[in-house]
Amino acid sequence: MARELLGKYLVRRSRGREIAFMITETEAYHGRGDKASHAHRGETARNFVMFGPAGRWYVYFTYGMHWMLNVSSGKDGYPSAVLIRALHGVNGPARLTKKLKIDKKLNNKTANSKIGLWIEDRGVRVAKKDIARAPRVGISYAGEWAKKPYRFFLRKNAKK
DNA sequence: GCAGTGATCATA
DNA sequence: ATGATCACTGCC
């Protein structure tokens with residue numbers, strides 16, 4: 001799913017205005033066994049969305065100032081999510097939430113236009129060769145899991 | 001390189 | 001109740 005989201009558009013409608021940016025970078029957090037995942041230590045008040053059905057926003061606050069945007073994935077009961085790390089022209093997971101005015105209010109909401117934050121396929125074709133993989137960012141504490149190539153991003157030469 | 005900033009969670 | 005930690009950013 002982290003791969004599939006590349007090239008799709010993240011659309012935000014807030015106070016009557018609508019903006020959309022193509023998703024260019026994602027990371028996968030995959031199951032309880034994933035030491036880098038919030039779900040690794042079980043379900044808590046913060047991470048419960050990861051344990052629910054796919055397609056809901058998992059929004060959390062970190063470092064005292066940043067909101068992170070994820071979308072839940074996997075079957076109901078299987079804790080997993082995709083972190084949206086960058087949009088075309090908006091690099092960085094905390095920057096994009098600031099730009100799109102995303103915060104706690106969207107947590108656990110199903111991604112759709114009613115709630116004002118959703119994903120659209122606008123027909124951008126992403127070839128497999130345009131997708132690069134790398135280890136995830138900021139999780140060096142995760143031992144072997146820190147090395148897994150669960151970060152996906154569009155190569156610079158990919159068509160925009 | 002590292003300060004900023006506060007919610008969250010484990011420990012007690 | 002307390003203290004360490006943190007899926008980051010921006011300025012040095």
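Lettering follows sequence order; numbering is per chain, from 1.
An aromatic stack links Y29(A) and the base of dA7(C), using centre distance under 5.5 Å and interplanar angle under 30°.
Looking at the side chain of H66(A), the nearest of the listed nucleotides dG4(B), dA7(C), dC9(B) is dG4(B). Side-chain proximity of R46(A) to the nucleotides dA7(C), dA7(B), dC9(B) is greatest for dC9(B). The nucleotide whose nearest atom lies closest to any side-chain atom of M50(A) is, among dG4(B), dG6(B), dA7(C), dA7(C). Candidate nucleotides dG10(C), dA7(C), dC9(B) were compared by shortest atom distance to the side chain of R95(A), and dG10(C) ranks first. Closest to the side chain of R41(A), from the set dT9(C), dG6(B), dA10(B), is dA10(B). Among the nucleotides dA7(C), dG6(B), dG4(B), the one closest to the side chain of F61(A) is dG6(B).
Remark: R46(A) qualifies as a cation-pi partner of Y60(A) under the 6.0 Å distance and 45° angle criteria applied to the six-membered ring.
Ion pairing between a basic and an acidic side chain is recognised when a charged N comes within 4.0 Å of a carboxylate O; K8(A) and E120(A) show no such pairing. We find that K98(A) and D103(A) are not joined by a salt bridge, their nearest charged nitrogen and carboxylate oxygen being 4.0 Å or further apart. Using a 4.0 Å cut-off between charged side-chain N and carboxylate O, E27(A) and R136(A) make no salt bridge.
Between the OH atom of Y60(A) and the P atom of dG6(B) there is a distance of 18 Å, given to the nearest Å. As rounded to whole Å, 7 Å separates atom P of dC9(B) from atom CG of N47(A). When the P atom of dC8(C) is taken as reference, atom CZ of R151(A) falls 11 Å away, rounded to whole Å. If you measure from atom NE2 of H40(A) to atom P of dC6(C), you get 13 Å, rounded to the nearest angstrom. One can place NE2 of H38(A) at 15 Å from C1' of dA10(B), the figure rounded to the nearest angstrom. For the pair M68(A) CE and dC8(C) P, the interatomic distance rounds to 6 Å; values are reported in whole Å.
The separation of dT5(B) from dT2(C), taken at their P atoms, amounts to 22 Å, rounded to a whole angstrom.
Pairing each heavy atom of S113(A) with each of R13(A), the nearest pair is O-NH2, 2.6 Å.
A residue-by-residue look at Y63(A) and K104(A) shows that Y63(A) has its nearest nucleotide of DNA chain B further toward the 5' end. Remark on DNA chain B: of its neighbouring residues A45(A) and T62(A), the 5'-side contact belongs to T62(A), judged by nearest-heavy-atom nucleotide.
Within the 4.5 Å cutoff, the side chain of P135(A) has no heavy atoms near those of the K148(A) side chain.
When heavy atoms are screened at a 4.0 angstrom cut-off, A94(A) is found touching the sugar-phosphate backbone but no base atom. At a threshold of 4.0 angstrom between heavy atoms, the contacts of I139(A) are confined to the sugar-phosphate backbone, with no base atom among them. At the heavy-atom level, M65(A) lies under 4.0 Å from base atoms of the strands shown.
A close approach under 4.0 Å does not occur between any side-chain nitrogen or oxygen of Y58(A) and OP1 or OP2 of dA7(C).
The partner of dT5(B) cannot be assigned: no Watson-Crick or G-U wobble pair with both contacts below 3.5 Å exists in any strand.
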